[in-house]
There are 2 protein chains.
Amino acid sequence: MANYPELSLSVEAVVFSYANKTIKVLLQLHDEKPFRDQWGLPFQLVKENESLEKTTDKIRQKLNKYSIASGIQSSIYSHPKRHPKTRLVSISMIFFAKPHTMEIAAPSYRWFDLNELPSLIMDHSLQIKDALKFLQTFTQNHTWVYDLLPDRFTLTQLQECFETIYGKPYDKRNFRKKIMSYGFIKPSREKQKGVAHKAATLYFADKKKLEKFQAL
Amino acid sequence: MANYPELSLSVEAVVFSYANKTIKVLLQLHDEKPFRDQWGLPFQLVKENESLEKTTDKIRQKLNKYSIASGIQSSIYSHPKRHPKTRLVSISMIFFAKPHTMEIAAPSYRWFDLNELPSLIMDHSLQIKDALKFLQTFTQNHTWVYDLLPDRFTLTQLQECFETIYGKPYDKRNFRKKIMSYGFIKPSREKQKGVAHKAATLYFADKKKLEKFQAL
DNA sequence: ACAAAAGTGTTATTTGTACACCCATGC
DNA sequence: GCATGGGTGTACAAATAACACTTTTGT
């Protein structure tokens, strides 16, 4: 990135996860020139003979510690002065990471609470806000929610996750009825451990059925 | 466009209209080098100090004969070899034109039936297909349909327009009940003229209420 | 025994769907 | 007077919303 070409394209990753009733966002402490020591979204320049899909793959590989699920294109950021040195147009992609991966230490990456973000480079704060709004409004099909939860989860955890994302409470009985009616959430034979009350059944999402459901 | 820069960005316009129970698409007979005398979507390169919004404005001005309504971003096309001479990444935008504007003659532009498209440059055929699918699936809020209809329309015309777009029939009584329940379609005092049967009431969309509805 | 969350069913309301006839007009 | 589309209501089914108590377990 020594000399800047006329116009660069990048894919920028808004990676969400979820824990303790809060949404988490993965940020990177950038170490290259114009943004050294500043927090921002991980991003990846689109190389000369690369399609966006290829670049998106690369970014997924770069973040493979977090085994992120496949991305969703949300929006494009193109203001001519958004990058201080070059003309950078960015495609914002949304990814999801399971909570256990958040434990994994990685130099220069850190998870932040959505509500406690530091000051970010370029328009990344806006991008994160837009990404959440995009998920809330454009996906009536909420199958990506299961990418934010552990492989085994209780129905209460699932409900809390929905409540956090959509910012509103759901009725316990109605919520369970509806979720179970979709048919892609199944009970495992395991139960919650180490809780000071009745142990909840752990459920899991049937991936094949989820995919079929998405196809609609 | 004599010499090609490393990477170019463009906004490409899928302009839809509607008449005689068919969806129409505006195409341009291109006259510049690599695409001379070939049909394709109208497009506009993103200039050096231009945001996409600016470029989109320009394209709207270029097509101002058709007084197209504000655009919706649909998808991005980025295959490295999609343009024969340069690396061109394109943002596909969807626009709408009212049917009376289709009468307006404009050299090198022509309206085609969606089902009778000629062979198109680059991936423009795919882009049109994707655009329609985008509208069908991602906008539960169908307020753009009114941009395809004349200012005054009968409820039967409205219903036919929905039927064409979504490719399925609706029940007359239920359709009317639902549409009227939204509250943004109002009857005018005018009636259809010159028909060999009872003249239908002409309705119009209340723009202010439409906007409020969109905000949800 | 008590605190804390799990789990479960019924009723009322709203929304969606199916369906058929009379009306006004131009020819 | 007849062909053509305009306009209207009702009954049933399905989905959604509101709501409270018993169970299990750890401390």
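Keep in mind that the numbers below use all heavy atoms, side chains included, and drop hydrogens, waters and symmetry copies.
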Original post:
Between A:Asp57 and A:Lys54, is there a side-chain N and carboxylate O pair less than 4.0 Å apart?
Top reply: no
Original post:
Okay, side chain of B:Ser78, backbone of A:Leu52: is any donor-acceptor separation there less than 3.5 Å?
Top reply: yes
Original post:
For B:Gln192 and C:dG26, what is the distance between atoms CD and C1' respectively, to the nearest whole Å?
Top reply: 12 Å
Original post:
Just checking, any donor-acceptor pair under 3.5 angstrom between side chains of A:Ser75 and A:Ser92?
Top reply: no
Original post:
Does B:Lys24 pair with B:Asp113 as a salt bridge, N-O distance under 4.0 Å?
Top reply: yes
Original post:
So how far is it from B:Phe16 CZ to B:Trp111 CH2, rounded to the nearest 0.5 Å?
Top reply: 10.0 Å
Original post:
A:Thr154 near the nucleic acid: base, sugar-phosphate alone, or nothing, with a heavy-atom cut-off under 4.0 Å?
Top reply: nothing
Original post:
How close or far is atom P of C:dA24 from atom NZ of B:Lys191, stated in whole angstroms?
Top reply: 10 Å
Original post:
Counting only non-hydrogen atoms, which of residues 165-183 of chain A are less than 4.0 Å from DNA chain C?
Top reply: A:Lys172, A:Arg173, A:Arg176, A:Lys177
Original post:
Could you state the NZ-P distance from B:Lys198 to C:dT25, rounded to the nearest angstrom?
Top reply: 8 Å
Original post:
Over how many whole Å does the gap from B:Glu160 atom CD to D:dT4 atom C1' extend?
Top reply: 13 Å
Subject >> Nucleotide C:dG26, atom P - distance to NZ of B:Lys193 in whole Å >> reply: 10 Å
Original post:
Is any side-chain N or O of A:Thr201 closer than 4.0 Å to OP1 or OP2 of C:dG7?
Top reply: yes
Original post:
Does the B:Thr22 side chain pair with the main chain of B:Tyr18, one donor and one acceptor, at a distance under 3.5 Å?
Top reply: no
